[in-house]
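Worksheet: the structure to be examined is printed underneath.
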Amino acid sequence: MTRHARNCTAGAVYTYHEKKKDASASGYGTNTQRVGKDSVKDFDCCCLTLQPCRNPVITKDGYLFDKEAILEYVLTKKKEYARKLKEYEKQKQQEQEQSNEKTANEELQKLQNFLKGEKTIVSRSQTANNESSSSVSNMSNGKDKTLPSFWIPSKTPEAKETKLQKPDKTIYCPVSGKPLKIKDLIPVKFTEVKDPDDKKSLIVKQARYMCPITFDILSNSVPCAVIKTTGDVVTMECVEKIIKKDWINPLDSTKLTDADIIPLQRGGTGYSAVNDCLEGKHERPVLQA
């Protein structure tokens, strides 16, 4: 019997090692790659625009938005609600008219059946109906306006009439999905890093903001929190070691409570599990044996 090398391709069995090697070379299967730094939103960027906030505000759940962007979002949702409500009321009115018309037709049918039973009485309406029903054209009596369309999906013969539901008036946060109100938005105040030797623009700087109490540089890797009463952004380490000792704000010496500390949600990716799974997967056809 002839001896073969390890990577023999003359065998009848397609081994797992050979299949995996060919799949990686040909591009089949799922390619997994860890998301880089450029794909992660910075902690001081708006959750809608993904750009640094000019006028930052924060929700009760700790999501940061640019005030202009979140107001435009709320206004868009209100316009969408008004449009959907108008369509819903129009459909409701049409259903009411159809119900009234159906009732009127039933009453008319009863009357016609009664007149039909009376052989000595002939109504003009019955004669007119007989004349109109004698037409065999499918385009007469306005039927051309109700014919189905084979080009519009919603008007095909198989299409069913969609019943609209009453729209929800509540506006929800685009990130957390919880009810959002403008009065609940809290203005945020970032403390800029003052470096006289650094002449770069604020957006270009890597270290843009710092904690106003400990002067630690803020970044995605540093857990932060917002003091609700003043809007200052501090580190969670400062909250645990300084503020929680006597629950006094070191900046203005005011009393604080646990509800006044809002953890700032750190920059995440566009995936459903933020900061938990920083991997991007690309599905490709599977290599069949």
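For the numbers below, each heavy atom of this structure counts, side chains included, while hydrogens, waters and symmetry mates do not.
- By the rule that hydrophobic residues join a cluster once side-chain heavy atoms approach within less than 4.5 Å of another member, L75 and Y73 end up as members of separate clusters.
- The local environment of NZ in K86 is sparse, with at most 12 non-hydrogen atoms from other residues, nucleotides or ligands closer than 6.0 Å.
- Results of the side-chain contact (heavy atoms from CB on, under 4.5 Å) test with V234 over I213, L264, D216, I242 single out I213 as the only residue that passes.
- Around the CZ atom of R83, the shell of radius 6.0 Å holds more than 12 heavy atoms that belong to other residues, nucleotides or ligands.
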Q: Could you go through the side chain to side chain contact (heavy atoms under 4.5 Å, CB included) check for K163 and Q91 one step at a time?
A: CA-CA 8 Å; K163 187 174 180 64; Q91 185 190 56; 4.3 Å; yes
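- Nearest heavy-atom pair, P223 versus S221, reported as atom, atom and distance to 0.1 Å: CD-O, 3.6 Å.
- Side-chain atoms of D252 and T254 form a donor-acceptor pair, as typed in the model, at a separation below 3.5 Å.
- The local environment of CD in E95 is crowded, with over 12 non-hydrogen atoms from other residues, nucleotides or ligands closer than 6.0 Å.
- Between the E68 side chain and the N55 main chain, no donor and acceptor come within less than 3.5 Å of each other.
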Q: List the steps and the verdict of side-chain hydrogen bond (donor to acceptor under 3.5 Å, both in side chains) for N100 and T103.
A: CA-CA 5 Å; N100 296 338; T103 304; 5.5 Å; no
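- Considering T229, D246, I248 in turn, T229 is the only one that fulfils the side-chain contact (heavy atoms from CB on, under 4.5 Å) rule with L256.
- Using a distance-only test at 3.5 Å, with no hydrogens or angles considered, a donor-acceptor pair links the side chain of D168 to the main chain of T170.
- Between K60 atom NZ and L180 atom CG the span is 9.5 Å, to the nearest 0.5 Å.
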**Q.** Residues N105, Q109; criterion side-chain hydrogen bond (donor to acceptor under 3.5 Å, both in side chains); working and verdict
**A.** CA-CA 6 Å; N105 290 336; Q109 186 67 30; over 6 Å; no
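- Judged by distance alone, with hydrogens and angles left aside, the side-chain atoms of N249 form a donor-acceptor pair with the main-chain N or O of L251 at under 3.5 Å.
- Remark: side-chain polar atoms of N220 are paired, donor with acceptor, to backbone N or O of F43 under 3.5 angstrom.
- A salt bridge is absent between K110 and E106; no separation between the charged side-chain nitrogens and carboxylate oxygens falls under 4.0 Å.
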